[in-house]
**Student:** 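Just passing along the structure, written as structure tokens.
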Amino acid sequence: GAMGGSASLIPRDLLDEYQELTFLSKQEILLAYKRFSELLPKEERENAFSARVPKSQILTLPELRANPFQHRICRVFSTSESEDDSMSFEDFLDMLSVFSDSATSDIKSHYAFRIFDFDEDGTLSRRDLEQLVNCLTGQGEESRLNSAEMEQLIENVRPWPGQGHCTAPGTELSAPLPQQILVESDIDKDGTINLSEFQHVVSRSPDFASSFKIVL
């Protein structure tokens, strides 16, 4: 419409509601709407509220393109019934809310757990942790760790020299190293990490919350 640019695209009552339901400010919500609309074909932008953006488009966002967990992030935040990992505007807002600076570390660790739970069985198993390491060390075959290195990484409690965290290239998202995770976190010693064990470890990692973010 001709009225006052993009701010008029979100009805005030809806904007209030989004602000209440997320950790985002009105400014951030309006920016998110603008960015979301730009991912849609021109003819669908009028109905951005009811449109779904395909995963392939979501992954063109520079903020996600560099993120090693981009596929898991789409999977966890997508409410698509066809499981195609497409996102509605509300899915998109949920994602930005969890990754915003204002989200609590409890919320962040809850979603981090879901993102790292690759097989979605509700616990972090050794296989989940191996996939976690593969994401963080790069997808290329040449940078993949061989099984002996992986074994050492997950079993061995000594962090890499001078680094308690491995930070994925091109992203601020760093994760505690799996070998620390498994040994330190598996409180009931059943060989997997459940959500409360994971949250306990994350609560002792002060930089986790600040590193777990996506800012548009």
**Student:** Give the intermediate values and the outcome of side-chain contact (heavy atoms from CB on, under 4.5 Å) for residues Leu64 and Met95.
**Tutor:** CA-CA 11 Å; Leu64 272 182; Met95 173 184 79; 4.1 Å; yes

**Student:** What pairs of donor and acceptor atoms, side-chain ones from residues 37-44 against any protein atom, are under 3.5 angstrom apart with sequence neighbours left out?
**Tutor:**
{"unit_1": "Ser37", "atom_1": "OG", "unit_2": "Tyr33", "atom_2": "O", "d": "2.7"}
{"unit_1": "Glu38", "atom_1": "OE2", "unit_2": "Lys34", "atom_2": "NZ", "d": "3.0"}

**Student:** Quick one: pull up OG in Ser102 and CG in Leu24 and give me the separation to the nearest 0.5 Å.
**Tutor:** 7.5 Å

**Student:** How many angstroms lie between atom CD of Glu197 and atom CG of Leu124, to the nearest 0.5 angstrom?
**Tutor:** 9.5 Å

**Student:** Looking at every heavy atom in both Met87 and Ile73, which two are closest together, and how far apart are they?
**Tutor:** CE-O, 4.2 Å

**Student:** So, is the end of the Arg72 side chain (NZ or CZ) under 6.0 Å from the ring centre of Phe118 and within 45° of the ring's axis?
**Tutor:** yes

**Student:** Please assess Arg35 against Glu28 for the test salt bridge (Lys or Arg N to Asp or Glu O under 4.0 Å), listing each intermediate value before the final yes or no.
**Tutor:** CA-CA 10 Å; Arg35 294 288 298 276; Glu28 290 170 319; over 6 Å; no

**Student:** Are Leu96 and Leu14 linked, directly or through intermediate hydrophobic residues, by side-chain heavy-atom contacts shorter than 4.5 Å (ILVMFWY only)?
**Tutor:** yes

**Student:** Donor-acceptor check, side chain of Asn47 to backbone of Ser50, threshold 3.5 angstrom: yes or no?
**Tutor:** no

**Student:** In terms of relative ring orientation, are Phe89 and Phe49 parallel, tilted or perpendicular, with 30° and 60° separating the classes?
**Tutor:** perpendicular

**Student:** Would you check if the side chain of Asp128 reaches a backbone N or O of Leu132 as a donor-acceptor pair within less than 3.5 Å?
**Tutor:** no

**Student:** State whether a side-chain donor-acceptor pair under 3.5 Å links Ser196 with Asn194.
**Tutor:** yes

**Student:** Test your reading of the model: is there a side-chain donor-acceptor pair from Arg65 to the backbone of Thr60, 3.5 Å cut-off?
**Tutor:** yes

**Student:** Is the centre of the Phe69 ring less than 6.0 Å from the centre of the Phe116 ring?
**Tutor:** yes

**Student:** To the nearest 0.5 Å, what is the distance between NZ (Lys26) and CG (Leu15)?
**Tutor:** 5.5 Å

**Student:** Taking atom CZ of Arg127 as the centre, report whether more than 12 heavy atoms of other residues, nucleotides or ligands fall under 6.0 Å from it.
**Tutor:** no

**Student:** If you look only at pairs with a residue in residues 83-95, which of them pass as a side-chain hydrogen bond (donor to acceptor under 3.5 Å, both in side chains), with sequence neighbours excluded?
**Tutor:** Tyr18-Glu90, Arg52-Ser86, Arg52-Asp91, Arg75-Asp85, Thr79-Asp91, Ser80-Asp84, Ser82-Asp84, Asp84-Ser86, Ser88-Asp91

**Student:** Does a side-chain heavy-atom distance below 4.5 Å link Phe92 with Ile58?
**Tutor:** yes

**Student:** Is any side-chain heavy atom of Gln70 closer than 4.5 Å to one of Lys55?
**Tutor:** no

